[in-house]
Chemist: 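To start, I am sharing the structure in question, which I have written as structure tokens.
None of the values given here were measured: they were computed from a predicted structure. Below, read A as the first sequence line, B as the second, and so on, with proteins coming before strands; counting in each chain starts at 1.
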Number of protein chains: 2
Amino acid sequence: MLRSSIFRLSLYYRVLKEKVNESISSSELAELAGVNASQVRKDLSQFGQFGIRGKGYKGDELRRHLQGILGLDRKWCIALIGVGNLGFALLNYSGFRKDGFKFCAAFDNSLAKIGKTWGGVKIHDISELNETIHKKDIKIGIITVPAREAPKIADMLVEAGIKGILNFAPVKIDVPKDVKLVNVDLSIQLEGLSYYLKDN
Amino acid sequence: MLRSSIFRLSLYYRVLKEKVNESISSSELAELAGVNASQVRKDLSQFGQFGIRGKGYKGDELRRHLQGILGLDRKWCIALIGVGNLGFALLNYSGFRKDGFKFCAAFDNSLAKIGKTWGGVKIHDISELNETIHKKDIKIGIITVPAREAPKIADMLVEAGIKGILNFAPVKIDVPKDVKLVNVDLSIQLEGLSYYLKDN
DNA sequence: TAGATTGTTAATCGATTAACAATC
DNA sequence: TAGATTGTTAATCGATTAACAATC
């Protein structure tokens, strides 16, 4: 399945929250999500037939389907590694919670932080990574350590059996192909803006 | 110019930092950046001929070219709107600084924050947005307010003459086509992971 | 039935990769 | 000169959009 399709399904899932008790056509949904109507129908058709010809889609029904497709109908236990400013912000970001994501443990190597509880989450020493991931059945790792430490942390996560990594460190991470890696590179996003603005 | 090409140029720019005193071939550069060698040459060829046939590219020279192309050879004054946890983390993120990005002002509507200085940046009332942007010659706006406030803030930024917006709010923002908008949607990235993991 | 809108196929568009002549 | 590697064109691949028969 296409990365970009999945991205758009999340978008549809989000905008449908406002249409729970209504019917909605592919063109309305497209308008709300900022994409093409054909694309909406194509994206959905990869997973089933959710609409009624001549009528459109039922908001709540489609939303429930998308929730299942995206795997948001369950709890996801997350580990966050690197409780700096960004890590702290993510621990406290409430937007994740409503999608079933829950921070089950945080890790850092700073003695000042280990043992403390931030955002309701206990901070462990990184040496406890493997054991904690198994014990708490953690499925997703979020890397918010400095770039030079990130590849090693990624290896430790893979070693511990993690199959999904969200990496914020500005460095190339290599993972086996059965591990899904998503990079969020804030510097590169900002540099993209710089390019477009430089001749204004 | 393609969004994806620009993204990769930033990647090349980053990995070349380690190759400043060396020559490097398109295939080495591709390896470091995790892309195809033809793509490296194609990307670069859109902006000029920077290599020597039979030899490759000079690291420092190519890096300087990329710096100019990306507009990173100058200072960029940034405004951050919404000094919550994420806003605070970005204000204190040192990674932006080395690329010439500088937070010149922050804005919030909380009386407890207005007038304070965080990460070396003064927090203003949002009512001072327009005036401050003009006075400080701010070119880029970063939106880290809650979703429901984000569209209004975006309008204010556009009104103030901002031409580049980095939006972290999980909501669709509309801007005129002479304004470049980049969305960073953390929930959607995480939902993407959920999709790939759900059948494991 | 007539109108509307889906699901799906076909056409288009764009991006990536391969190939190779040019040339250091 | 021989070997290497660029810059660029051609081929391939994949994603988006348009079109339309199916059908509510």
Side-chain angles (χ1 to χ4, degrees), chain A residues 1-13 15-16 19 22-66 69 172 177 182-183 188 192 195-196, chain B residues 1-13 15-16 19 22-66 69 172 177 182-183 188 192 195-196:
Chain A
M1 191 54 48
L2 294 75
R3 181 84 187 75
S4 48
S5 267
I6 301 304
F7 178 92
R8 286 190 299 269
L9 292 182
S10 282
L11 228 45
Y12 308 153
Y13 179 69
V15 303
L16 281 171
K19 300 282 168 181
E22 302 167 44
S23 274
I24 186 168
S25 67
S26 59
S27 46
E28 284 178 82
L29 187 46
E31 167 68 23
L32 290 173
V35 305
N36 179 289
S38 289
Q39 192 153 59
V40 169
R41 298 198 297 277
K42 188 70 172 274
D43 286 337
L44 297 176
S45 75
Q46 297 181 284
F47 295 95
Q49 306 190 161
F50 306 125
I52 304 158
R53 287 168 198 240
K55 294 270 191 261
Y57 304 86
K58 289 183 180 172
D60 54 348
E61 199 181 299
L62 181 54
R63 189 157 201 272
R64 209 162 34 247
H65 279 300
L66 291 175
I69 292 165
K172 192 178 157 219
K177 56 190 162 330
V182 172
N183 290 297
I188 282 186
Y195 168 79
Y196 287 103
Chain B
M1 190 54 47
L2 295 74
R3 180 83 187 78
S4 49
S5 267
I6 302 303
F7 178 91
R8 287 189 299 268
L9 292 183
S10 281
L11 228 44
Y12 307 154
Y13 179 69
V15 302
L16 280 171
K19 298 282 168 180
E22 301 167 44
S23 274
I24 186 167
S25 67
S26 58
S27 47
E28 285 178 82
L29 187 45
E31 168 67 23
L32 290 173
V35 304
N36 179 289
S38 289
Q39 193 153 58
V40 169
R41 298 198 297 276
K42 188 71 173 272
D43 286 337
L44 296 176
S45 74
Q46 297 180 284
F47 294 95
Q49 305 191 162
F50 306 126
I52 303 159
R53 286 167 198 241
K55 292 273 191 262
Y57 304 86
K58 289 183 180 172
D60 55 348
E61 201 181 297
L62 181 55
R63 189 156 200 272
R64 211 161 33 245
H65 280 299
L66 291 174
I69 291 166
K172 192 180 157 219
K177 56 190 163 333
V182 172
N183 290 298
I188 284 186
Y195 168 79
Y196 287 102

Chemist: Check every atom of D:dC24, C:dA21, C:dT17 against the side chain of B:Asn36 and return the nucleotide holding the closest atom.
Modeler: C:dT17
Chemist: 5'-most contact on DNA chain D: A:Lys55 or A:Ser38, nearest heavy atom basis?
Modeler: A:Ser38
Chemist: Using 0.5 Å steps for rounding, measure from the NZ atom of B:Lys19 to the CG atom of B:Leu16.
Modeler: 9.5 Å
Chemist: Using the side-chain heavy atoms of B:Tyr57, tell me which of these nucleotides is nearest: D:dT8, D:dT16, D:dT6.
Modeler: D:dT6
Chemist: Heavy atoms from C-beta onward define the side chain here; which of D:dT16, C:dT6, D:dT8 lies closest to that of B:Lys42?
Modeler: D:dT8
Chemist: Using a cut-off of 4.0 Å on non-hydrogen atoms, how would the nucleic acid contact of B:Ser27 be classed: base, sugar-phosphate, or nothing?
Modeler: nothing
Chemist: Does A:Ser26 have a side-chain nitrogen or oxygen under 4.0 Å from the phosphate oxygens OP1 or OP2 of C:dT6?
Modeler: yes
Chemist: Whole Å only: how far is the CG atom of A:Asp43 from the C1' atom of C:dT8?
Modeler: 14 Å
Chemist: Supply the atom-to-atom distance A:Ile69 CD1 to A:Asp43 CG, rounded to the nearest 0.5 angstrom.
Modeler: 10.0 Å
Chemist: Just the rounded figure in Å: distance from P of C:dT6 to NE2 of A:His65.
Modeler: 15 Å
Chemist: Answer with base, sugar-phosphate or nothing: what part of the nucleic acid does B:Leu2 contact at a heavy-atom distance below 4.0 Å?
Modeler: sugar-phosphate
Chemist: What is the distance from atom CZ of B:Arg8 to atom CG of B:Leu44, rounded to the nearest 0.5 Å?
Modeler: 10.0 Å
Chemist: A:Gln49 side chain: which of C:dT5, C:dG7, D:dG7 is closest?
Modeler: C:dG7
Chemist: Strictly by Watson-Crick or wobble contacts shorter than 3.5 Å, is anything paired with C:dA10, and which nucleotide is it?
Modeler: D:dT17
Chemist: Starting from C1' on D:dG7, measure out to CG on B:Leu29 and report it in whole angstrom.
Modeler: 15 Å
Chemist: Just checking B:Arg8: base, sugar-phosphate only, or nothing, at a heavy-atom cut-off of under 4.0 Å?
Modeler: sugar-phosphate
Chemist: Nearest of D:dT6, C:dT6, D:dT17 to any side-chain atom of B:Arg53?
Modeler: D:dT6
Chemist: Using whole Å, report how far NZ of A:Lys58 lies from P of C:dT5.
Modeler: 16 Å
Chemist: Atom CD1 of A:Ile24 to atom C1' of C:dT5: distance rounded to whole Å?
Modeler: 13 Å
Chemist: For residues B:Arg41 and B:Tyr57, report the shortest heavy-atom separation together with the two atoms involved.
Modeler: CG-OH, 3.8 Å
Chemist: What's the CD-P distance between B:Gln46 and D:dT9, to the nearest Å?
Modeler: 13 Å
Chemist: Figure out the CG/P separation between A:Leu9 and D:dA15, and round it to whole Å.
Modeler: 14 Å
Chemist: From CD of A:Glu28 over to P of C:dA4, roughly how many Å is that when rounded to an integer?
Modeler: 14 Å
Chemist: With a sphere of 6.0 Å drawn around CD of B:Glu31, does it hold more than 12 non-hydrogen atoms of other residues, nucleotides or ligands?
Modeler: no
Chemist: Ignoring hydrogens, what is the shortest heavy-atom contact between B:Val40 and B:Val35? Give both atom names and the distance.
Modeler: CG2-CG2, 3.7 Å
Chemist: Picking from C:dT6, C:dA19, D:dT16, which would you name as closest to the side chain of A:Arg41?
Modeler: C:dT6
Chemist: Is there a Watson-Crick or G-U wobble partner for D:dT5 with both distances under 3.5 Å, and which nucleotide is it?
Modeler: C:dA22
